[in-house]
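One structure is given below, encoded as structure tokens.
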Amino acid sequence: MSEDIFKKLVAHSKEYGFVFQSSEIYDGLGAVYDYGQNGVELKNNIKKYWWDSMVMLHENVVGLDSAIFMHPTIWKASGHVDAFNDPLIDNKDSKKRYRADVLIEEALAKIEAKMEKEVEKAKKRFGDAFDETQFRATNPRVLANQEKWDALHKRFADALNDNNLEELKQIIIDNDVACPMSGTKNWTDVRQFNLMFATEMGSTADGALKVFLRPETAQGIFVNYMNVQKTGRMKLPFGIAQIGKAFRNEIVARQFIFRMREFEQMEMQFFVKPGTELDWFEKWKETRMSWHQSLGFGAENYRFHEHEKLAHYANAAVDVEYRFPFGFKEVEGIHSRTDFDLSQHQEYSGKKIQYYDPEEGKSYVPYVVETSIGVDRMFLQVMAASYCEEEMIDGKGQKDTRVVLRLPAQLAPVKMAVMPLVKKDGLPEKARAIIDELKFDFKCQYDEKDSIGKRYRRMDAIGTPFCVTVDHQTLEDNTVTLRHRDTMKQDRVEISKLYGIMAEAVSMKSLFAKLK
RNA sequence: GCGGGAGUAGCUCAGUUGAUAGAGCAUUAGCCUUCCAAGCUAAGGGUCGCGGGUUUGAAUCCCGUCUCCCGCUCCA
């Protein structure tokens, strides 16, 4: 696997109708992609694999589909409004980008350091007789610095409060803040990057409510916790699963569909009794890894990545990473989110969000273990794992390459192609009759154009696991050639057996059976 | 936002010193009737990313602009 393979994968995705650049005829829209006729099938199958593994296989996990628009206060409570508004500034010489607020905080820290130095010096000079409080209150140099610090701090706080970006830049210039890399003070303007997209709800501009497009689906689950728990008579521990779109205004969004501005998440929030969360965290870690590995792409291509730094709401966090052509990258995150979110919503909404535990005889706010996986990343992962260029020798002894998507049959967009060996003598009609039998259960495709070998290769390229070929013998004995994608082996089978063979190969059951 | 690279047919690309826009593959129709791709015949398809300038004449030279890709900053 290499960068080169990745480029081919991107081209392949477009050429065979999996992924298109959004708004392509208008020169495209950055970091937004559309799923084509094959992409949407694959994506739907991935979602089904996830959804059923959660909701069908766990009797204490139920589904939800909450709206993308939510009350704006939700994002205050969750911390998204405050935590993800970074004022950024670039140094034109070093080409490095910094957070303007961090640069100013560093300037403040420098002044503090100066004062500390004075105090240290004085301490040494006066020995035991040293009165630090008095020194700080009287020493002219300390006072001067303190004054400077206070002034800067106030200016900084005001600028942040007013969201005054020009002022932030001016503060940096006035305080001679230099770039640590280049040492120069050649700065660009300060620009604000907001994580969340905002829009207005309501018909008139002045009466409109500013609402956000959700940056994660999780909050829709948290705010519905009581609804689901009560109406579903759910007992701890239990989970709520949701698949849905989320939106993040990424500063730099690249790497194809790996990081997009509009993307889809599959999240499950598992509510547990406080104190048991780390056990459940371990349990879900294992369950989720098993879900990934059951697809058969090789255990060596997955690993856990433990988070060193934890987010403000978490007490444990781990990523499931897959070996992409461009390195190990996160596909799924598993987080122990404590009771942070529910407590925040309890506080901001003023509504009690608790669980009455009959064993304990009291109510408490449940703890949450989250599993969160990106559908698009999973899609890319499946494509990367399946894409294969095979060297082979053709019938004439010539070297040849075959491009094949070795998709798990359960996920393949098209399950079976049915084709007449030649397009006459009633063979096309026979082929269509077979499709008419099977199309209610399996996505089938008909193809009569070009040589049979060429048609097989076209199907390989979109990962179709089976090709059925109708020939003259079919008309006599109702048998067809069944050709297998991965081995290219052919079997002669009766038409009446096709349903059973397909059902066996394509049902998610065989994947679920492997799950731990 | 900065730096680098790139935009010509659906795809991959050629296009000389500035003079009627090219190939292969793909597509469509027909021929062939073939069990592992690229046989034969024909056809369709392009304001050469966009705008301006120089010129008798611009895909080509100049200026501007947009988009995409790579790197940096960010990533709950």
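Per chain, numbering begins at 1; letters A, B, ... match sequence-line order. All values below come from the heavy atoms of this structure, side chains included, with hydrogens, waters and symmetry mates left out. Keep in mind the model is a prediction, meaning the values are calculated, not measured.
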For [X], answer base if it contacts any base atom (sugar-phosphate contacts may also be present), sugar-phosphate if it contacts only those atoms, and nothing otherwise; contact means non-hydrogen atoms under 4.0 Å.
X: A:Arg483; value: base
X: A:Leu421; value: base
X: A:Phe263; value: nothing
X: A:Glu15; value: nothing

Quiz item: Are A:Arg432 and A:Tyr446 in a cation-pi contact, defined as NZ or CZ under 6.0 Å from the six-membered ring centre and within 45° of the axis?
Solution: yes

Quiz item: Ring centroid separation for A:Tyr35 and A:Phe20, is it under 6.0 angstrom?
Solution: no

Quiz item: B:A26 phosphate, OP1 or OP2: any side-chain N/O from A:Lys449 under 4.0 angstrom?
Solution: no

Self-check item: Phosphate-side-chain proximity, A:Lys14 and B:C11, N/O vs OP1/OP2 below 4.0 Å
Solution: yes

Of the nucleotides [options], which one has an atom closest to the side chain of [X]?
X: A:Lys423; options: B:U33, B:C35, B:A37; result: B:U33
X: A:Val422; options: B:U27, B:U33, B:C36; result: B:U33
X: A:Lys424; options: B:U33, B:C35, B:A26; result: B:U33
X: A:Arg259; options: B:C68, B:C36, B:C75; result: B:C75
X: A:Asp450; options: B:U27, B:C35, B:U33; result: B:U27

Quiz item: Quick one: does A:Asp460 reach the base of B:C36 with a side-chain donor-acceptor pair under 3.5 Å?
Solution: no

Quiz item: Per the atom types in the model, does the base of B:C36 pair as donor or acceptor with the side chain of A:Gln490 at under 3.5 Å?
Solution: yes

Self-check item: Any side-chain heavy-atom pair of A:Arg261 and A:Phe247 under 4.5 Å
Solution: no

Quiz item: How do A:Glu216 and A:Met488 order along RNA chain B: which one's closest nucleotide is nearer the 5' end?
Solution: A:Met488

Practice problem: Answer with yes or no whether the side chains of A:His292 and A:Glu332 bring together a donor and an acceptor at under 3.5 Å. | Solution: yes

